Structures are given as structure tokens and as C-alpha cells.
Amino acid sequence: MTMRIDAHQHFWRYRAEDYPWIGAGMDVLAQDKLPADLLPLLRAHQLDASIAVQARSGRDETRFLLGLAQEHDFIAGVVGWENLAVPDLGERLDEWHGGDKLLGFRHQVQDEADAGAFLEHADFNRGVALLQERHYVYDVLVFESQLADTQAFCARHDKHWLVLDHLGKPALREFGKNGGNSDDALWRWEKELLALGALPHVVCKLSGLVTEADWQNGLQPADYQHIRICLDTALEAFGPQRLMFGSDWPVCLLADSYGKVADLIADWATSNLNKDEQDALWGGTAARCYGIKVR
């Protein structure tokens, strides 16, 4: 039986100075979010496990998440943070004692002033190459406007899996402004996503979409229609075996409940995927790419 996995969620003990991205109007996030809060949600949706992903830079974040993963069996693994550009990266990786629960690493490339220059930097690329040699996954976090710069980076690192978070963050707030097929934001994102999907070692998380829409004004039927267009495009780009579900909890709470996010993906999957393909989406692909062992 396939393990059902939420492949993208976060934990934190909230301190404003540690999470500057949690700003005004985000009170639902400005509080501790810990395993005891997530576990009932997983169980309610018949999910067996989750992958905890870093939400701040610093080695303390990786240490914190690994500690939680060791304490809670349902946390199948951690995507942590490490400075990948340092010359002693190999020694730093040796220091981690995450066992088989340290699955990969991520950096908030989306926040870099020049994402293209960051992704081209020789030291950073040397670090990612070492991660791949050691069979760690690298999660790619970029905005839609940075996807073009991301393609060369992803093509360069083809020795192990790369995972694109949140479908490359399509600019859902802009969708529909020009109407129909003249929608520039949608066309621009589709073009870049299809190019990334042509790289067979890149996998895509169906996550984070509700907060790319205009959640501050409340999601409207048109927002959900645009999200389904994004899901259709992801399927076209990556195929059914390179998609994985992620809730992006608790960030998703800004826009929708955990249940509504999961149900949105489930409804789409039921209409578009057969049983084996749904099993891949709900855990099989995450287990395969991240090397999660069934416990």
C-alpha cells in the first residue's frame, strides 16, 4: 500500500524577528505551529506522513526540524537549510545526524535581489552538485518571474532529483486581467513551466497556489478556476508521475483551510488521474524522489 504523504509543510516556534516575512494581516501565522497542530489534519485526510520544509535561513532551522522529526514518526523527513556556497560544505553535511530523515535542502531564491546571478554563482552550483552526489534533493523556490533564470540551473544539475515548489509560483493575482487567451501572466507562466517539465529529473509540487491568488480579498470562484488551469498545465508539463501533493500548511491558512486545500487537489485528481496516478500524487512520487522508507 502506498504511503500517503503531505510533501510540503512547515513548523515553527514563532518569534517575529525570525520570520520577517510574516507581516501585517498574517495573524493566523504569528503563533507557534507544531506537530500536534498538524497531526489531526493529516489524519482527517487519511495522510500517513509529511515532509517538513525550512521556513527560515540558518542551520538552527535544520536542527529544529530534525529534532521534531526524531520525536514524531509521522514526519517522514526534512528539507532543511544549509549554506551551500561555503568551501567546507562536505564537512558541514557530515555534521548532520539526521539519519534517513534529512532528505534535502532549500534556499529562498525567490528573495534574492538577482535570482539569475545567484543561480549562476559558481560556489552555489558547486554546492548543489555535491548535494546531488550525496543523493540529497534540492527544492527550488522561485517566483514565476524567475523561472526563465531557473531553467539553465535545473538543466545543469541532472544527477539527482530537483523539486519545483508551488508550481513556480504563478502570478495568480494577475490571471484574467487581460481576459481569455490574451492573459499575459498565464501565458508567460505556462511557457516557462512547460520548458522546465521537459527536464526529466525535475518534479513539481502541487502546493502553495491558494496564497498566490488574491487571498487578502477572499478567494472567488474565478480564483479556483485559475488554480485548476494551473493544475492542468502542471499535468501537461510533468506528467502524472512527477507531481506530488503538498499543503503548504500553515501558510495556506492565510487563504483557505487545510481541508479545502486538500479537497481542491483531490477533486482535480479524481477528474484527471487514474488510481495508480493518484497514488503517485498522494505519496508515491514523494517517497520515490526523496527516498522515504516505509516505516
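If you're wondering where the values come from, they're calculated on a predicted model, not measured in any experiment. Heavy-atom basis, side chains included; hydrogens, waters and symmetry copies ignored.
- Side-chain contact between Lys159 and Glu133: absent, with no pair of heavy atoms (C-beta onward) separated by less than 4.5 Å.
- A donor-acceptor pair is defined here as one N or O able to donate and one able to accept, closer than 3.5 Å; such a pair exists between the side chain of Asp32 and the backbone of Tyr14.
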Item to check | Stepwise salt bridge (charged side-chain N to carboxylate O under 4.0 Å, His left out) test for Arg126 and Asp123 | outcome: CA-CA 5 Å; Arg126 183 169 58 248; Asp123 292 342; 2.5 Å; yes
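- The shortest distance between side-chain heavy atoms of Glu174 and Glu144 does not fall below 4.5 Å.
- Between Leu231 and Trp268, the shortest heavy-atom distance links the atoms O-CZ2, 3.3 Å.
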Next on the checklist: Before you tell me yes or no, could you show the steps for Arg59 and Arg92 under side chain to side chain contact (heavy atoms under 4.5 Å, CB included), namely the whole-Å CA-CA distance, both residues' side-chain angles and the distance that decides it to 0.1 Å?
Outcome noted: CA-CA 10 Å; Arg59 303 188 87 207; Arg92 287 184 174 223; 3.7 Å; yes
Contacts under 3.5 angstrom, residues 203-211 side chains, donor-acceptor by atom type, not counting sequence neighbours:
unit_1, atom_1, unit_2, atom_2, d
Lys205, NZ, Ala7, O, 3.0
Lys205, NZ, His8, ND1, 2.9
Lys205, NZ, Asp139, OD2, 2.8
Lys205, NZ, Tyr290, OH, 3.2
Ser207, OG, His166, N, 3.3
Ser207, OG, His166, ND1, 2.7
Thr211, OG1, Gly208, O, 3.4

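- Here CG of Asp279 is found 13.5 Å from CE of Met3. Values are rounded to the nearest 0.5 Å.
- No side-chain donor-acceptor contact under 3.5 Å links Thr62 and Glu82.
- Across all non-hydrogen atoms, the minimal contact from Leu42 to Ser50 is CD1-CB, 4.2 Å.
- To the nearest 0.5 Å, atoms CZ (Phe245) and CG (Leu281) are separated by 8.5 Å.
- Across every non-hydrogen atom of Phe74 and Asp48, the tightest pair is CB-O, 3.9 Å.
- If you take CG on Leu235 and CZ on Arg242, they are separated by 11.0 Å, rounding to the nearest 0.5 Å.
- No side-chain heavy atom of Gln220 sits under 4.5 Å from any side-chain heavy atom of His226.
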Checklist entry - Between Lys169 and Val142, is a side chain to side chain contact (heavy atoms under 4.5 Å, CB included) present by the stated rule, with each step listed? => result CA-CA 7 Å; Lys169 290 200 161 186; Val142 292; over 6 Å; no
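- Scored by the ring pair (Phe, Tyr, Trp, His ring centres under 6.0 Å) test, Trp12 finds Tyr19, Trp21 as partners (sequence neighbours excluded).
- For Tyr224 and Asp256, the side-chain atoms include at least one donor-acceptor pair closer than 3.5 Å.
- Gln54 pairs with exactly one of Glu61, His10, Arg106 by the side chain to side chain donor-acceptor pair (under 3.5 Å) rule, that one being Arg106.
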Next on the checklist: As a quick check of understanding, evaluate side chain to side chain contact (heavy atoms under 4.5 Å, CB included) for Leu93 and Leu102, giving each step before the final call.
Outcome noted: CA-CA 10 Å; Leu93 294 177; Leu102 182 56; 5.9 Å; no
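- Heavy atoms of other residues, nucleotides or ligands lying less than 6.0 angstrom from CZ of Arg43 number 12 at most.
- The CD atom of Gln241 lies 6.0 Å from the CZ atom of Arg288; values are rounded to the nearest 0.5 Å.
- The residue from Gln146, His121, His107 that alone fulfils the side chain to side chain donor-acceptor pair (under 3.5 Å) condition with Glu112 is His107.
- Distance alone, capped at 3.5 Å, is enough to place a donor-acceptor pair between the His201 side chain and the Cys154 backbone.
- Using a 4.0 Å cut-off between charged side-chain N and carboxylate O, Arg56 and Glu17 make no salt bridge.
- The CG atom of Asn125 sits 12.5 Å away from atom CG of Leu130, with the distance rounded to the nearest 0.5 Å.
- With contacts defined as side-chain heavy-atom distances shorter than 4.5 Å, the pair Leu186/Pro170 does not qualify.
- The pair Asp18-Arg13 does not count as a salt bridge, with every side-chain nitrogen at least 4.0 angstrom from each carboxylate oxygen.
- Residues Leu219 and Ala213 come closest through the heavy atom pair CD2-CB, 3.6 Å.
- Annotation: the span from Glu236 atom CD to Leu193 atom CG amounts to 9.5 Å, rounded to 0.5 Å.
- In this structure the side chain of Phe153 never reaches within 4.5 angstrom of the side chain of Val109, judged on heavy atoms.
- With sequence neighbours excluded, the residues forming a side chain to side chain contact (heavy atoms under 4.5 Å, CB included) with Ala287 are Ile5, Ile292, listed by chain and number.
- Under the 3.5 Å distance criterion, with hydrogens and angles disregarded, no donor-acceptor pair is assigned to the side chains of Gln9 and Ser247.
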Checklist entry - After noting the C-alpha distance and the side-chain angles of Trp282 and Leu47, does the key distance pass the side chain to side chain contact (heavy atoms under 4.5 Å, CB included) rule? => result CA-CA 8 Å; Trp282 289 103; Leu47 289 158; 4.0 Å; yes
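- The two residues Met244 and Thr285 come nearest to each other via the heavy atoms CE-CG2, 3.9 Å.
- Using a 4.5 Å cut-off on side-chain heavy atoms (C-beta onward), Asp223 and Trp215 make no contact.
- In this structure the side chain of Glu190 reaches within 4.5 angstrom of the side chain of Ile229, judged on heavy atoms.
- Both Trp249 and Met26 sit in one connected hydrophobic cluster of ILVMFWY residues. Membership requires side-chain heavy atoms under 4.5 Å apart, directly or through other members.
- Neither Phe143 nor Val53 shares a network with the other; the hydrophobic side chains, linked directly or stepwise wherever heavy atoms of I, L, V, M, F, W or Y lie under 4.5 Å apart, form separate groups for each.
- With respect to Asp37 and Lys33, no salt bridge is recorded, no charged nitrogen being found less than 4.0 Å from a carboxylate O.
- Nearest heavy atom pair, residue His72 against residue Lys101, reads O-NZ, 3.3 Å.
- With hydrophobic clusters built from ILVMFWY side chains whose heavy atoms lie under 4.5 angstrom apart, Tyr136 does not share a cluster with Trp81.
- Under 4.0 Å is where a charged nitrogen must lie from a carboxylate oxygen, and between Arg63 and Asp60 at least one such pair does.
- Between the side chain of Gln151 and the backbone N or O of Ala195 there is no donor-acceptor pair closer than 3.5 Å.
- Salt-bridge annotation for Arg228 and Asp232: absent, with no side-chain N of the basic residue lying under 4.0 Å from a carboxylate O of the acidic one.
- Taking hydrophobic clusters as Ile, Leu, Val, Met, Phe, Trp and Tyr residues chained together by side-chain heavy-atom distances below 4.5 Å, Leu141 does not share a cluster with Tyr138.
- Taken together through direct or relayed side-chain contacts under 4.5 Å among Ile, Leu, Val, Met, Phe, Trp and Tyr, Val140 and Leu194 form parts of separate hydrophobic clusters.
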